[in-house]
Amino acid sequence: MADPKGFLNHGREVAQTRPVGERVQDWNEVYVPGSLLPIISKQASRCMDCGIPFCHNGCPLGNLIPEWNDYAYREDWQAAQERLHATNNFPEFTGRLCPAPCEAACVLGINQPAVTIKNVEVSIIDKAWDTGDVAPQAPERLSGKTVAVIGSGPAGLAAAQQLTRAGHTVAVYERADRIGGLLRYGIPEFKMEKRHINRRIEQMRAEGTKFRTGVEIGRDIDAAKLRKRYDAVVIAAGSTISRDLPVPGRELTGIHFAMEYLPLANKVQEGDFVAPPITAEGKHVVVIGGGDTGADCVGTAHRQGAASVTQLEIMPKPGDERAAGQPWPTFPMLYKVTSAHEEGGERVYSVSTTHFEGDEDGNVQFLHLVEVEFVDGKLTQKPGTERKIPAQLVTLAMGFTGTDRENGLVDQFALELDERGNVARDAEFQTNVPGVFVAGDAGRGQSLIVWAIAEGRSAARGVDSFLTGASDLPAPIRPTDRALTV
């Protein structure tokens, strides 16, 4: 192990963030550049190298966490990045964006603050990029087989990279104008600068993966024809249908899905717009939904100069510590203060939107809400708690309900869906159509980036076996595996 007394000698230290007044003036990542390396060796030494490393159970990728913690402690960065890449294609993505279920399952977390696994991970990979240790891994020989991957989010990219390295000729189809899926247009620049995506894409291109942007399978190319063109197809189109809020006034101007609002801010950073077509500047902003996407809307509104920002959540406020019904090593529901919340705004819990009120021109001006509580397990409105708050821009960040059905992809492939509306698949991630596989949120439903990458890696093994009869590619999860929760 790293240091047998590391967890006794050192407390938990996390990445330093830039001052709020500074960072809301730009779109750069919120962390102080280079602030982790001086402390990360000591932080890695807190890992106890447990006989049964429960952090592995928390992470669907099966990351070899105690091993690369030990290498980071010893500052053997080359060995550390090799162990990191052994299970994770894109640790610079997960190290910035994952909510770290591995830390929730850390044994040290039973009675102390957990090891900063996520910070160690991102330190290793950033160091590897800086030293030139991340190089293309082109296949030694080609199989002669071709694969189309639909979607370029983390699941699609992971599947594509694994299959390319196995020797297959892979083309990734993305309906947006740039590669990256929700990583590109759903994640604000201040959470992950897009240069991290760009250099991974260049690595994949050097390995042989082909990319086709601005092509929507189902609309621009018939899905059935695509199947005939390729030996196998991987559907990694995500869960992209936003959950709506069908209340009176929903039709008013100024009410948008989060995924209508967030991509436009990212497009400004890409140079497509001088100013976003939908902006929070000078407006009273209300974000409906208390999750990470809602927090992304909050941080974006701050940077656009909102007059005020209020985030609404229908569920009660979580506690600061594990509830009795959420024991270690399950992933607990805790009160979470993201960098966006540090920057200001109000968070309101246990409320439900009843209707919107607009002006004479049809623009939203107020949101009417009521407090709610659970009575006999049922969410019930509390009489006499109705009120209204100013709302000139409303973003709906209440999650997603399934993959796109309107573009024809599902029907043209004649795919079967499960009871939750996701694309059904067997133990090898294959759909009811031979040679057509599904990975990521399109098959699992809305989930985390680590699950998406794990799905992409596992589906790649299924494809490789289908094409060649056997596979040496790893499959960290099964389609039926679920997160470690109560």
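- The cationic atom of Arg18 (NZ for Lys, CZ for Arg) does not lie both less than 6.0 Å from the six-membered ring centre of Tyr31 and within 45° of the ring axis.
- Under the rule for a ring pair (Phe, Tyr, Trp, His ring centres under 6.0 Å), the partners of Phe437 that lie at least two apart in sequence or sit in another chain are Phe466.
- Every residue two or more places apart in sequence or in another chain that forms a ring pair (Phe, Tyr, Trp, His ring centres under 6.0 Å) with Phe90 is listed here: Phe93.
- Paired with Ile217 under the rule side chain to side chain contact (heavy atoms under 4.5 Å, CB included), one option of Val233, Ile150, Asp222 passes, and it is Ile150.
- A salt bridge links Glu92 with Arg200; the closest basic N to acidic carboxylate O contact falls under 4.0 Å.
- When only modelled atom types and interatomic distance are considered, Gln161 and Gln203 share a side-chain donor-acceptor pair under 3.5 Å.
- Side chains of Arg178 and Asn198: no donor on one and acceptor on the other come within 3.5 Å.
- Side chain to side chain, His168 and Gln162 fail the donor-acceptor criterion of an N or O pair below 3.5 Å.
- Residue pairs meeting the salt bridge (charged side-chain N to carboxylate O under 4.0 Å, His left out) criterion with at least one partner in residues 242-251, sequence neighbours excluded, are Asp244-Arg250.
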Inset, instruction - Would you sort out whether Gln311 and His341 count as a side-chain hydrogen bond (donor to acceptor under 3.5 Å, both in side chains), showing the intermediate values? - result: CA-CA 10 Å; Gln311 186 176 17; His341 296 129; 2.7 Å; yes
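- Side chains of His368 and Glu357: a donor-acceptor N/O pair is present below 3.5 angstrom, by distance only.
- No option in Val149, Ile221, Asp220 other than Ile221 meets the side chain to side chain contact (heavy atoms under 4.5 Å, CB included) test with Tyr173.
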